[in-house]
Number of protein chains: 2
Amino acid sequence: MSPDDQRPVDAETALADAPAGHKDELRLWLRLLTTATMVETEIRRRLRVQFATTLPRFDLLAQLQRAGPLTLGGVSRRMMVSNGNVTGLATRLEAEGLIERRVNAADRREQSLRLTPRGKREFARQSAAHEGWIAELFAGLSAADRVALHRLLGRAKASIGGALQEETQ
Amino acid sequence: MSPDDQRPVDAETALADAPAGHKDELRLWLRLLTTATMVETEIRRRLRVQFATTLPRFDLLAQLQRAGPLTLGGVSRRMMVSNGNVTGLATRLEAEGLIERRVNAADRREQSLRLTPRGKREFARQSAAHEGWIAELFAGLSAADRVALHRLLGRAKASIGGALQEETQ
DNA sequence: CGCGTTTGCTTGAAGCCTAAACTAACCCGC
DNA sequence: GCGGGTTAGTTTAGGCTTCAAGCAAACGCG
């Protein structure tokens with residue numbers, strides 16, 4: 001039973017010790033994933049304990065705040081999630097009185113979502129805290145490193161986007 | 001209402017156009033998140049269509065393959081997920097005949113998970129494909145960029161880890 | 001020895017998420 | 001106008017995930 005090391009071991013550490021091949025890319029991917037997961041988990045935790053909300057709810061409010069009234073489909077595309085997902089999320093947020101639905105008279109298939117006044121207030125509080133949390137988590141990175149990282153991630157995104165394109169074609 | 005732009009818009013593009021403050025870090029975080037999400041979504045999709053499996057299942061098999069027999073708790077720590085999560089995952093994988101549970105005679109609270117022969121074969125196939133997919137997605141990045149990105153992500157991880165530490169103390 | 005604590009795992013309730021099937025509304029061309 | 005195709009949104013089934021509560025085994029210490 002391998003007395004089993006008890007300290008927390010992150011996925012990357014556990015996985016990265018493999019032989020040769022494309023292991024280079026694999027290590028990069030694991031580190032990217034681990035980093036994103038660490039931040040995401042912490043943000044979810046803080047949203048839960050400090051605001052009794054969740055990341056998807058917060059994200060949906062953020063879309064409405066920044067892009068004005070949106071259809072469900074618009075939110076779905078922006079959040080990169082499925083249509084059905086947004087339906088459920090919107091239902092819950094509406095029930096909580098943070099957003100409201102309004103059917104588009106000109107095209108009755110569509111409905112636009114918008115923040116209620118209460119939703120605006122609530123999101124403003126959450127958003128300010130959120131911005132601070134992110135700043136705090138990345139504070140250990142120099143400004144130059146942040147810029148460099150941002151640039152390299154841009155290239156990574158382009159690489160991935162390109163690969164996805166080719167696949168479709 | 002708002003004829004609504006129809007092209008896909010990723011979260012980052014949609015969110016990053018905000019005023020001043022700690023927006024620097026926020027933009028970095030959004031790009032990091034978007035990049036990771038793009039890869040993850042594609043990997044999930046390919047696992048589903050090519051192997052009729054899911055990412056968490058694959059990850060659990062990967063842990064067992066690379067770290068030998070593990071307790072549920074060991075898997076939980078390595079995968080950075082909750083205990084209850086692993087219970088359900090293990091139940092499904094056991095039902096599919098890919099792993100087996102074995103109670104530790106010396107400590108009957110513990111049970112070790114290990115791959116069955118069929119699990120080993122299945123994972124070997126999936127793993128080879130997975131490695132290729134990752135290489136493909138990051139192929140547009142030069143070796144130098146990959147190294148630099150890996151290094152910067154290491155610093156980001158350290159920054160985040162540090163912030164989490166302080167919080168606890 | 002015995003009792004309180006810790007540890008490993010399971011359960012239950014709730015929410016998130018997807019793909020696929022479906023409904024309703026719109027559009028287009030005849 | 002009307003039928004075929006498209007688009008917006010909902011529903012359903014299934015899986016993933018968490019937290020919190022709970023149970024049983026083991027530990028530790030008086």
Side-chain angles (χ1 to χ4, degrees), chain A residues 1-8 37 40-49 52-60 69-96 101-113, chain B residues 1-8 11 37 40-49 51-60 69-96 101-113:
Chain A
M1 319 326 39
S2 76
D4 197 12
D5 32 349
Q6 290 313 353
R7 64 245 179 291
T37 302
E40 204 178 320
T41 302
E42 180 66 7
I43 296 302
R44 284 181 196 273
R45 197 183 65 74
R46 294 188 186 187
L47 282 174
R48 180 172 48 81
V49 306
T53 190
T54 66
L55 189 50
R57 276 164 157 96
F58 174 81
D59 283 345
L60 199 159
L70 286 172
T71 62
L72 295 191
V75 171
S76 158
R77 276 189 301 281
R78 283 182 170 73
M79 291 180 67
M80 296 193 285
V81 299
S82 70
N83 237 324
N85 188 356
V86 176
T87 294
L89 228 31
T91 302
R92 286 185 288 271
L93 285 169
E94 191 184 20
E96 292 171 18
R101 288 166 126 104
R102 192 175 299 180
V103 173
N104 178 355
D107 181 343
R108 299 205 317 289
R109 287 171 308 183
E110 281 191 2
Q111 29 188 305
S112 59
L113 302 180
Chain B
M1 295 283 56
S2 75
D4 196 11
D5 33 346
Q6 288 314 352
R7 63 241 177 295
T37 301
E40 205 178 320
T41 301
E42 179 65 8
I43 297 301
R44 284 182 195 274
R45 197 183 65 74
R46 294 188 186 188
L47 282 174
R48 181 172 48 79
V49 307
F51 296 108
T53 190
T54 66
L55 189 50
R57 276 163 156 97
F58 174 80
D59 283 345
L60 199 158
L70 287 172
T71 62
L72 294 193
V75 171
S76 158
R77 277 189 301 283
R78 283 182 169 75
M79 290 180 67
M80 297 191 285
V81 300
S82 71
N83 238 323
N85 189 355
V86 175
T87 295
L89 228 33
T91 302
R92 285 184 289 271
L93 285 170
E94 191 185 19
E96 293 172 17
R101 288 166 127 104
R102 192 176 298 181
V103 173
N104 178 355
D107 181 342
R108 298 204 319 289
R109 289 170 308 183
E110 281 191 2
Q111 28 188 304
S112 59
L113 301 180

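Lettering of chains follows the sequences in order, A, B, ..., and the numbering in each one begins at 1. Hydrogens, waters and symmetry mates play no part in the numbers below; they use all other heavy atoms, side chains included.
Of the two residues contacting DNA chain D, namely B/Arg109 and A/Thr91, the nearest-nucleotide position lying further toward the 5' end is that of A/Thr91. The residue among B/Gly84 and A/Val86 whose nearest nucleotide of DNA chain C is located toward the 5' end is B/Gly84.
Set against D/dG9, C/dT18, C/dT10, the side chain of A/Ser82 has C/dT18 as its closest nucleotide.
If you measure from atom CD of B/Glu96 to atom P of D/dC16, you get 9 Å, rounded to the nearest angstrom.
For the atom pair CE of B/Met79 and CG of B/Leu70, the computed distance is 11.0 Å after rounding to the nearest 0.5 Å. Within the model, atoms CG of B/Leu72 and CD of B/Glu110 stand 9.5 Å from one another, a figure rounded to the nearest 0.5 Å.
The residue B/Arg45 sits apart from the nucleic acid: no heavy atom pair falls under 4.0 Å. Residue-level contact check: A/Thr87 touches the bases, meaning some heavy atom is under 4.0 Å from a base atom. At the heavy-atom level, A/Asp107 lies under 4.0 Å from the strands shown only through sugar-phosphate atoms.
Phosphate contact (OP1/OP2 of D/dC19, side-chain N/O of A/Arg48, threshold under 4.0 Å): present. B/Thr54 has a side-chain polar atom (N or O) that falls below the 4.0 Å cut-off from OP1 or OP2 of D/dC16. At C/dC26, one or more side-chain N or O atoms of A/Arg108 fall inside 4.0 Å of OP1 or OP2 (strictly under the cut-off). When the side-chain nitrogen and oxygen atoms of B/Asn85 are compared with OP1 and OP2 of D/dT18, one or more of them lie within a distance under 4.0 Å. Between A/Arg57 and the phosphate of C/dC16, there is a side-chain N or O to OP1/OP2 separation shorter than 4.0 Å.
Comment: B/Glu96 does not engage B/Arg92 in a salt bridge, judged by the lack of any side-chain N to carboxylate O separation of less than 4.0 angstrom.
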